[in-house]
Amino acid sequence: MDDPSTATLPPRRLAVLISGEGTNLQALINAQNTLSLPNTCIVLVLSNRKNARGLIHASTTLPLIPTAYLSLQPFLKSNLGKTLEDYNVEVAHIVLHAKPDAVVCAGFMHIVSEGFLDVFKGTRILEGKEVLAREVPMINIHPALFGQFDGFEAFQKGEVDELGIMVHCVVKEVDHGEPLIQRRVKVVKEEAIEAYEERLHKVEWEIIVEATWIVLDEVQLPLSSNSSS
Ligand code: GAR
């Protein structure tokens, strides 16, 4: 159901970056245009892995969600002389082309460069692209609490005694941005990692939607309403 207060605004546009199963993407797909993510549509799903199951979720949703695939190694092989940074720029080009109001990394297993982040901050302008009217916020979901890097692995090594999940703003230090939301997920002694992951996922699907709404709600004027297409 649409929120009447947002009904006259153009929909907020979301780009989602994935690499794998896409269960968090599916949570966002289910939430778009509901009270959890009112007046929102996913305008691009980009994967850096060809066989990412999340690409299937996007292409079997009605209306269809545009998808893109760009993997580092094939990119470098078919563009001799190009670098990792060129790959980052190419990904940024594809994402910007979709004119997102926010970008969500939902299990995107590529470490984006500082230059990539600068593009979305609006401090670096890509060739052929216009100056951004404002920063495009980018968030990431990571299966650990703030300050813990490895989550379950750290727990098994006895390095941490509690675990959780956070959604944070993407910064150049991998998985280290200040959390927008984090939840503790109690670890049951001797629990198999599969069982823990199942419980963790359920929490992820809630908080990825909540955090996405936090950033989209702050986007007062959708970037897309300034543009010609
Ligand atoms: C999620 O568990 C997410 O927390 C994790 O990848 C998984 C993706 O699952 N992210 C990271 O590890 C980021 N460093 P999904 O493809 O089913 O959404």
Side-chain angles (χ1 to χ4, degrees), residues 14-32 36-37 42 44-61 65 67-72 88 91 95 102-114 116-117 120 137-157 159-160 162-187 191-215:
L14 204 60
V16 185
L17 313 187
I18 61 161
S19 299
E21 285 300 303
T23 63
N24 283 284
L25 164 67
Q26 187 64 56
L28 291 166
I29 291 174
N30 295 346
Q32 63 177 344
S36 306
L37 281 183
I42 301 173
L44 175 71
V45 172
L46 179 142
S47 172
N48 67 336
R49 293 192 187 146
K50 199 175 189 170
N51 296 325
R53 202 203 275 263
L55 287 173
I56 300 171
H57 299 324
S59 55
T60 53
T61 295
I65 299 171
T67 59
Y69 153 71
L70 192 66
S71 186
L72 175 61
N88 277 280
V91 172
V95 176
V103 178
V104 181
C105 298
F108 186 52
M109 301 305 183
H110 169 69
I111 297 173
V112 296
S113 67
E114 199 171 349
F116 180 92
L117 295 175
F120 293 91
M138 189 177 303
I139 60 173
N140 176 53
I141 186 156
H142 181 62
L145 296 172
F146 187 56
Q148 300 175 340
F149 186 67
D150 286 328
F152 199 83
E153 210 177 300
F155 178 79
Q156 284 177 320
K157 288 185 195 155
E159 291 166 3
V160 296
E162 60 174 358
L163 287 176
I165 182 86
M166 66 169 170
V167 179
H168 63 92
C169 295
V170 179
V171 295
K172 65 180 189 321
E173 295 81 16
V174 183
D175 295 328
H176 274 72
E178 191 76 27
L180 285 162
I181 301 187
Q182 70 170 343
R183 295 258 171 89
R184 286 175 168 70
V185 181
K186 214 171 162 29
V187 185
E191 184 179 24
I193 187 160
E194 295 77 16
Y196 175 73
E197 278 177 350
E198 201 179 316
R199 289 193 298 111
L200 189 80
H201 266 316
K202 288 188 178 146
V203 180
E204 288 191 326
W205 303 333
E206 283 172 23
I207 69 168
I208 197 161
V209 171
E210 285 172 27
T212 299
W213 181 242
I214 290 173
V215 291

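Both counts, for ligands and for their atoms, begin at 1 and track the order of listing.
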dist I65:CD1 -> L28:CG (nearest 0.5 Å) comes out at 9.5 Å
A student checking ligand 1 against H142 at a 4.0 Å heavy-atom cut-off should list atoms 13 (C), 14 (N)
So the atoms of ligand 1 within less than 4.0 Å of a heavy atom of E21 turn out to be 16 (O), 17 (O)
of all protein heavy atoms, closest to atom 6 (O) of ligand 1 is M109 CE, 3.3 Å
dist N51:CG -> Y69:OH (nearest 0.5 Å) comes out at 8.0 Å
Item to complete: Look only at interatomic distance and state if L25 has a nitrogen or oxygen under 3.5 Å from any nitrogen or oxygen of ligand 1.
Response: no
I want to know if ligand 1 touches G22 in the polar sense, i.e. an N/O pair below 3.5 angstrom.
yes
Closest to atom 10 (N) of ligand 1 among protein heavy atoms sits I141 O, 3.3 Å
Among non-hydrogen protein atoms, atom 17 (O) of ligand 1 lies closest to T23 OG1, 2.5 Å
When H201, H57, R53 are each screened for side chain to side chain donor-acceptor pair (under 3.5 Å) with E21, the one that passes is R53
- Are the side chain of S47 and the backbone of K50 linked by a donor-acceptor contact shorter than 3.5 Å? no
Closest to atom 7 (C) of ligand 1 among protein heavy atoms sits G107 CA, 4.3 Å
N48 and H110 have their tightest heavy-atom pair at ND2-CB, 3.5 Å
Taking only non-hydrogen atoms of P143 and a 4.0 Å limit, the atoms of ligand 1 in range are 4 (O), 5 (C), 10 (N), 11 (C), 12 (O)
Under 4.0 Å between heavy atoms, the region of E197 that gets near ligand 1 turns out to be neither
Output for pair (I207 CD1, I214 CD1), nearest 0.5 Å, gives 9.5 Å
Ranked by distance from atom 4 (O) of ligand 1, the top protein heavy atom is E204 OE2, 2.4 Å
Report task. Ignoring hydrogens and angles, state whether a donor on the side chain of W205 or T23 is under 3.5 Å from an acceptor on the partner side chain. Result -> yes
Polar side-chain atom of E204 near backbone of I141 as donor-acceptor pair, under 3.5 Å:
no
(Q) What I want to know is whether N140 and ligand 1 share at least one N or O pair that is separated by under 3.5 angstrom. (A) no
Judged by heavy atoms only, the candidate from V167, I18, V16, N24 nearest atom 9 (O) of ligand 1 is N24
Item to check | Pair R199-Y196, side chain to side chain contact (heavy atoms under 4.5 Å, CB included): steps then yes or no | outcome: CA-CA 5 Å; R199 289 193 298 111; Y196 175 73; 3.7 Å; yes
- Message: I'd like to know whether ligand 1 has H201 as a neighbour, heavy-atom separation below 4.0 Å.
- Response: yes
- Item | Expected output: side-chain Q32 to main-chain I42 donor-acceptor under 3.5 Å | yes
- Query: With a 4.0 Å cut-off on heavy atoms, does G54 reach ligand 1?
  - Reply: no
